[in-house]
Amino acid sequence: MLGLVDCNNFYVSCERSFNPALEGKPVVVLSNNDGCVIARSSEAKALGIKMGLPYFQLKELLSQHEIKIFSSNYTLYGDMSARVMATLGQFSEEVETYSIDEAFINLEAWGNAHSDLLIMAQNLRATVGRWTRIPVSIGVAPTKTLCKVANYFSKRSPENDGVLILDTPARITEALSDFPVAELWGIGSRYAAVLRRNDIRTAAQLRDAPDEWINRNLTVNGLRTAYELRGLPCKMLETEAAPKKAICTSPSFGRLVPDLKTVSEALVTHLSRAAEKLRKQGSAAGTVTVFLHTNRFKISPNGQPARQYYNSLSAQLPHPTASTTELTGYAQALLKTVFRFGYAYQKVGVILSNLVPIDHRQAAIFTDGPDERLVRLSATIDRLNHRYGRDKVRLAAAGYDNTWHHKQQWMSPAYTTRWRDILTVK
DNA sequence: TCTGGGGTCCTAGGACCC
DNA sequence: TCTGGGGTCCTAGGACCC
């Protein structure tokens, strides 16, 4: 059996973990740039606040209710996630960190008896709650997709008390007959529409559909989902995090930016961030892509949609590199080519791809290899910045104007990762 | 009138996830 | 005024090979 442990309203729960005054109140966490709602407490959900609601539309509700608002604090959420995952390690040898707030775990050691599974799962919930103050829900089943279904019901039915175990054909069929197919893991809005047109409305109906039809309409991914619903595992537990194949950094500007100089400085800043991630996983990039675009929601003074511009450009590098300095040269050249004057830009982004392990780089025939001194320089800068703070040492090309930086008006302290933010007990 | 068969590799676009 | 960010995988079609 496998378990899916999912943190309830994770970002809100992180904020509450260090600020108990938020208990029982409607709390929302906003996306980057304080753009829209990405996490809601149950009280906020009860007020009808939808996922993805833009902040400026939320404002109308603020006058009627006392809603607590937070900017995304990923330093805090990432650290709390690591603490939750480490706690899971106490209960299972094999933990797959599936996302910041979810993990699949192997429950082989718990045995197969329903009562044992229930006791262990409740014990796990209680321990995570005690150690991190993060409430979790647990779905237990023979495949990952069925775990997702079990988890869905464990959250929604109070009588399940945060745990649901689907361990017999009868229990599985009962759950699947009640489960909207559009909510299945792997079924998005497009596939949901296809299924609806074919009168497939529950997970049980998809499970029982002919393989050939599923394969034709939902590709092999849909077929895997159907197999998993039948209890045949197709998605294995992956406890080793695979290195990323692409790394992208593209936060929006805090205001619209029209000029090349500012866009370029932002690009260099983003690239520095992406290259840090690149070196952290021990990779070098063979391709750099730069893209930029205007605000697609913007309306002109005359009431018409504003003129839009989106473009991207990639360069294959003569040799893969992990040097911020070297990558910056290419990125700036790409930007000069894609940039058009006369637009107000919302964001510029950079993607590093064709990643290879840093010690297995293919040398180029006709050009010199990467300058090892530049690679060592980047590594040294990483160490300095880790110790003294982000961007303490950086390229001058990143500029000194930070008026374009994204907004984060309601940021909570980094309670667990910054000395001066540690709570004081009076 | 009539024009083979069997492959690989790359890319763009579309689907999905949190 | 104001609408997020960062990923993965699959498929069809085009270009190429002998």
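Reminder, nothing fancy here: chain letters follow the sequence lines and each chain counts from 1.
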Any salt bridge linking A/E96 with A/K144? Criterion: basic side-chain nitrogen under 4.0 Å from a carboxylate oxygen. yes

OP1 or OP2 of C/dC10 sitting under 4.0 Å from any side-chain N/O of A/R224? yes

Round to the nearest Å and state the distance from A/N221 atom CG to C/dC10 atom P. 6 Å

Assign each of A/K245 and A/L256 the nucleotide of DNA chain C bearing its closest heavy atom; nearer the 5' end lies the nucleotide of A/L256

Check every strand shown and say whether A/K244 touches a base, only sugar-phosphate, or nothing at a heavy-atom separation below 4.0 Å. sugar-phosphate

Testing C/dT1, B/dC17, C/dG7 for proximity to the side chain of A/K277, the answer is C/dG7

A/R216 atom CZ is separated from C/dT11 atom P, nearest whole Å, by 14 Å

Tell me whether the count of non-hydrogen atoms from other residues, nucleotides or ligands lying under 6.0 Å of NZ in A/K50 goes above 12. no

Option passing ring-ring contact (aromatic ring centres under 6.0 Å, His included) with A/W185 (candidates A/Y152, A/F179, A/Y98): A/Y98

Parallel, tilted or perpendicular: ring planes of A/F341 versus A/F339, cut at 30 and 60 degrees: perpendicular

Would you indicate what A/L30 reaches in the nucleic acid, counting non-hydrogen atoms under 4.0 angstrom: base, sugar-phosphate, or nothing? nothing

Taking only the side-chain heavy atoms of A/R190 (C-beta and beyond), determine which of B/dC16, C/dG6, C/dT3 contains the nearest atom. B/dC16

Is any side-chain N of the basic residue among A/E228 and A/R224 closer than 4.0 Å to the acidic one's carboxylate O? no

Any A/S252 side-chain nitrogen or oxygen under 4.0 Å from OP1 or OP2 of C/dG5: yes

Would A/E276 and A/R273 pass as an ion pair if we require N to O under 4.0 Å? yes

Just checking A/F297: base, sugar-phosphate only, or nothing, at a heavy-atom cut-off of under 4.0 Å? base

For a quick check of understanding: with a heavy-atom distance under 4.0 Å over all strands, which category does A/I299 fall into, base, sugar-phosphate or nothing? nothing

Take atom CD of A/E183 and atom P of B/dC16, then tell me their distance rounded to the nearest Å. 13 Å

So, is A/S72 close to the C/dG4 phosphate, meaning a side-chain N or O under 4.0 Å from OP1 or OP2? no

For the pair made of CZ in A/R273 and P in C/dG5, what is the distance, rounded to whole Å? 15 Å

Between B/dC18, C/dC2, C/dG7, spot the one nearest the side chain of A/I247, thanks. C/dG7

Check the distance between B/dC18's P and A/Y77's OH and give it to me in whole angstrom. 19 Å

Expressed as a whole number of angstroms, how long is the span from A/E276:CD to C/dG6:P? 13 Å

Compare side-chain N and O positions of A/K347 against OP1 and OP2 of C/dG4 and report whether any pair is under 4.0 Å apart. no

Whole-Å gap separating P (B/dC18) and NZ (A/K155): 11 Å

So does A/K148 get a side-chain nitrogen or oxygen closer than 4.0 Å to the phosphate oxygens (OP1/OP2) of B/dC18? yes

Between A/T219 and A/H406, the residue closer to the 5' end of DNA chain C by nearest nucleotide is A/H406

May I ask you to evaluate whether A/N295 reaches the phosphate of C/dT3, defined as a side-chain N or O under 4.0 Å from OP1 or OP2? yes

With A/R394 as the cation and A/Y400 as the aromatic partner, state whether NZ or CZ is under 6.0 Å from the six-membered ring centre and within 45° of the axis. yes

Heavy atoms from C-beta onward define the side chain here; which of B/dC18, C/dG6, B/dA15 lies closest to that of A/S99? B/dC18

Out of C/dG5, B/dC18, C/dG4, which nucleotide sits closest to the side chain of A/S250? C/dG5

Nearest to the side chain of A/N32, heavy atoms from C-beta on, is which of C/dG4, B/dC18, C/dG7? C/dG4

Need one value for A/E102: base, sugar-phosphate or nothing, where a base atom within 4.0 Å counts as base even if backbone is also close, heavy atoms only. sugar-phosphate

Could you state the CE-P distance from A/M85 to B/dC18, rounded to the nearest angstrom? 13 Å

Options C/dG7, B/dC18, C/dT3, nucleotide nearest the side-chain atoms of A/Y98: B/dC18

Identify which nucleotide among C/dT3, C/dT11, B/dC18 has an atom closest to any side-chain atom of A/V220, counting heavy atoms from C-beta outward. C/dT11

